[in-house]
Number of protein chains: 2
Amino acid sequence: MVNQDDPRVLRTRQLIREAFRVLLQKKEFDAITIKDIAQRATINRATFYAHYEDKYALLEDITEQAFHKMFPEQVINAQEFTGEICNQLILLTHNYIVNFYQICRFDSKSIATLVDEKIKEMLQQMIESIFLKGDTSRMSEHHNAKIISAMTASAIYGAAHYWFMFRENDRTDLLVNIACPYVMNGLGLYRNCDE
Amino acid sequence: MVNQDDPRVLRTRQLIREAFRVLLQKKEFDAITIKDIAQRATINRATFYAHYEDKYALLEDITEQAFHKMFPEQVINAQEFTGEICNQLILLTHNYIVNFYQICRFDSKSIATLVDEKIKEMLQQMIESIFLKGDTSRMSEHHNAKIISAMTASAIYGAAHYWFMFRENDRTDLLVNIACPYVMNGLGLYRNCDE
DNA sequence: AGTGAAAAGTTGCTTACACAACAGATTTTG
DNA sequence: CAAAATCTGTTGTGTAAGCAACTTTTCACT
């Protein structure tokens, strides 16, 4: 609909996202109106709809942006899914969850499912892209790469989320000690079966 | 030419001013091009000319904004030109000059005259508006209010500037002790003659 | 002095945003 | 429950900003 590279578009979206982030700290998600967002962003309400279908689409967008910033170069450039990469993914996911509940008001948990799904989706994409880059295990030729990625992403997210809810957030070393071998073994089994 | 209240206009000017402030810390004024400003502000070069004739007009604008922020409520709402108000004006002018040379690169002094003039003009306007508000000395009916304001503004600016150039900037108490009586006496003499 | 490069301005056309007005949906209030 | 108020989502119109192309001016270089 609009040209994604137009500087006006970039600025407008930046304004909308920033306004939304501020509002999320002040109000719960359900209480935030499009009017609120438009006012704080100093844009017209009609302009909002030129960029986002509703506030849920906006939430997805900022979630994606925020989570994407968590990925270190090492992970983005990874050529193989090693234990070290697995560690990194577990830690950054846990880290994101901790931040999320610090930033968002606690009564905004109505949005948790949407955010969860988005994060799992991004984790899955990242993992799959690593699988496809390094084909040492010929994973790249395997038609099951997608479901393997989905399982791995879910496992990592599940571990990070559980640790956040029920364990000490300052002992992430224990988290990776448990979760990483589980994930790597699962993949290892798969590799063995494949050959 | 453009509607001053349009939010797009406000945002664009804000971007231009902010870009210019950043550039003034990095380059000397003469080395800053319109292209530089437009690039950093992420606006089109042609758009710049819709708002400012050239970079001198822009400099005037940000000088006015910055200096205006220096005025405390007490001065803005002053109903009479008292010794206390005089003190405030001397101090804030001195303060502005100190800040100016901290913010701008020292090799940007080619612009000093323009900034000086703008500040004196604003001081004069502020002083005149105070004169006209409080008519205890019937200054408001006097047709010489303008030249008296101009002299007072120049005297205050001159004192502040001299102190910045040749004296200790941390002993502003001495500055006001010297400058304030001079100004107030000058005005007092005038008042006596007038009645 | 003269040549090339970069910056300064200007212009016509396109796109994005502002704004007001609207109908329909949702929430608030008495 | 009904009336009032507010929010939502959309539309048409006017204006500001983006962009490319151009001429003119300024400046650096030999």
Side-chain angles (χ1 to χ4, degrees), chain A residues 1-62 65 105 107-111 114, chain B residues 1-62 65 105 107-111 114:
Chain A
M1 177 167 28
V2 293
N3 173 13
Q4 310 287 319
D5 297 327
D6 189 312
R8 290 172 292 185
V9 171
L10 296 175
R11 288 200 304 258
T12 299
R13 296 201 173 162
Q14 184 60 36
L15 285 170
I16 292 175
R17 284 190 296 260
E18 190 51 38
F20 192 53
R21 283 191 205 100
V22 173
L23 286 171
L24 271 176
Q25 298 179 350
K26 303 214 283 184
K27 292 185 176 185
E28 60 172 319
F29 179 80
D30 293 329
I32 298 174
T33 68
I34 308 294
K35 195 181 168 194
D36 288 337
I37 300 168
Q39 275 183 348
R40 179 161 290 268
T42 70
I43 59 133
N44 195 276
R45 198 165 52 83
T47 303
F48 176 91
Y49 293 103
H51 297 281
Y52 298 101
E53 192 177 343
D54 50 31
K55 61 181 178 177
Y56 296 94
L58 172 56
L59 178 63
E60 267 199 59
D61 190 22
I62 68 166
Q65 277 212 349
R105 288 170 55 97
D107 49 3
S108 286
K109 36 191 178 206
S110 63
I111 63 177
L114 197 149
Chain B
M1 179 167 25
V2 292
N3 174 12
Q4 311 286 318
D5 297 327
D6 190 313
R8 292 172 291 185
V9 171
L10 296 175
R11 288 199 305 257
T12 298
R13 295 200 173 162
Q14 184 60 36
L15 285 169
I16 292 174
R17 283 191 297 259
E18 190 51 37
F20 192 53
R21 284 190 205 100
V22 173
L23 285 171
L24 271 177
Q25 297 179 348
K26 302 214 283 183
K27 292 185 178 187
E28 61 172 317
F29 178 79
D30 294 327
I32 298 173
T33 67
I34 309 296
K35 197 181 166 194
D36 289 338
I37 299 168
Q39 277 183 347
R40 180 161 288 268
T42 69
I43 59 133
N44 195 276
R45 198 164 53 84
T47 304
F48 177 91
Y49 293 104
H51 298 280
Y52 297 102
E53 191 177 342
D54 50 30
K55 60 182 180 178
Y56 297 94
L58 172 56
L59 178 65
E60 266 198 61
D61 190 21
I62 68 166
Q65 278 213 348
R105 289 169 53 96
D107 50 2
S108 287
K109 34 189 185 211
S110 63
I111 62 177
L114 197 149

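From a predicted model like this one, the values you see are computed outputs, not experimental measurements. So you know, we letter chains A, B, ... as the sequences are listed, proteins then strands, and number each from 1. Only this structure's heavy atoms are used, side chains among them; waters, hydrogens and symmetry mates stay out.
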Got B:L23 and B:K55 here, is their nearest side-chain heavy-atom distance under 4.5 Å?
no
From CD of B:E53 across to C1' of C:dA8 the rounded distance in Å is 12 Å
Please assess B:L24 against B:I62 for the test side chain to side chain contact (heavy atoms under 4.5 Å, CB included), listing each intermediate value before the final yes or no.
CA-CA 11 Å; B:L24 271 177; B:I62 68 166; 4.0 Å; yes
Sorted by position of nearest nucleotide on DNA chain D, 5' first, the leading residue of A:I32 and A:D6 is A:I32
A:T12 side chain near C:dA16 phosphate (N/O to OP1/OP2, under 4.0 Å):
no
Determine, step by step, whether A:Y49 and A:I34 satisfy the side chain to side chain contact (heavy atoms under 4.5 Å, CB included) criterion, reporting the C-alpha distance in whole Å, the side-chain angles of both residues, the deciding distance to 0.1 Å, and the verdict.
CA-CA 9 Å; A:Y49 293 103; A:I34 308 294; 3.6 Å; yes
With five pairs defining each end axis, the helix from C:dA1-D:dT30 to C:dG30-D:dC1 comes out bent, to 10°, by 60°
Nearest whole Å is fine: how far is C:dT27 P from A:D30 CG?
10 Å
By nearest-nucleotide position on DNA chain D, the 5'-leaning member of B:V9 and A:R45 is A:R45
Students should find this one: the first and last nucleotides of DNA chain D, 5' to 3', lying under 4.0 Å from a heavy atom of chain A. What are they?
D:dC7 to D:dC19
Can you measure A:I34 atom CD1 to C:dT26 atom C1' for me and round it to whole angstrom units?
14 Å
Distance-only side-chain donor-acceptor flag, A:R17 / A:Q14, under 3.5 Å:
yes
Taking any heavy-atom pair under 4.0 Å as a contact, classify B:N44: base, sugar-phosphate, or nothing.
base
Any donor-acceptor N/O pair, B:Q4 side chain to B:V2 backbone, under 3.5 Å
yes
When rounded to whole Å, the NE2 to P distance for the pair B:H51 and C:dG9 reads 16 Å
Find the distance A:Q39:CD to C:dC19:P and express it as a whole number of Å.
12 Å
Rounded to whole angstroms, how far apart are CZ on A:R13 and C1' on C:dT15?
14 Å
Within the modelled atom types, does a donor on one side and an acceptor on the other bring the side chain of B:R8 and the base of C:dC17 under 3.5 Å apart?
yes
Lys/Arg N to Asp/Glu carboxylate O, B:K27 vs B:D36, below 4.0 Å:
yes
Check: B:R11 side chain, A:T42 main-chain N or O, donor-acceptor pair, under 3.5 Å
yes
On a heavy-atom basis, the closest approach of B:F20 and B:L58 is CG-CD2, 3.5 Å
Remember a base hit wins even if backbone is also touched, and classify A:A46 as base, sugar-phosphate or nothing at under 4.0 Å, heavy atoms.
base
Nearest-nucleotide 5' precedence on DNA chain C, A:I43 against B:T33
B:T33
Send over the distance from B:K35 NZ to C:dA5 P, rounded to a whole Å.
14 Å
Could you list the residues that satisfy salt bridge (charged side-chain N to carboxylate O under 4.0 Å, His left out) with A:D54, not counting sequence neighbours?
none
pair B:Q65-B:R13: side-chain heavy atoms closer than 4.5 Å
no
Classify the nucleic acid contact of B:R11 as base, sugar-phosphate or nothing, counting any heavy atom under 4.0 Å across all strands shown.
sugar-phosphate
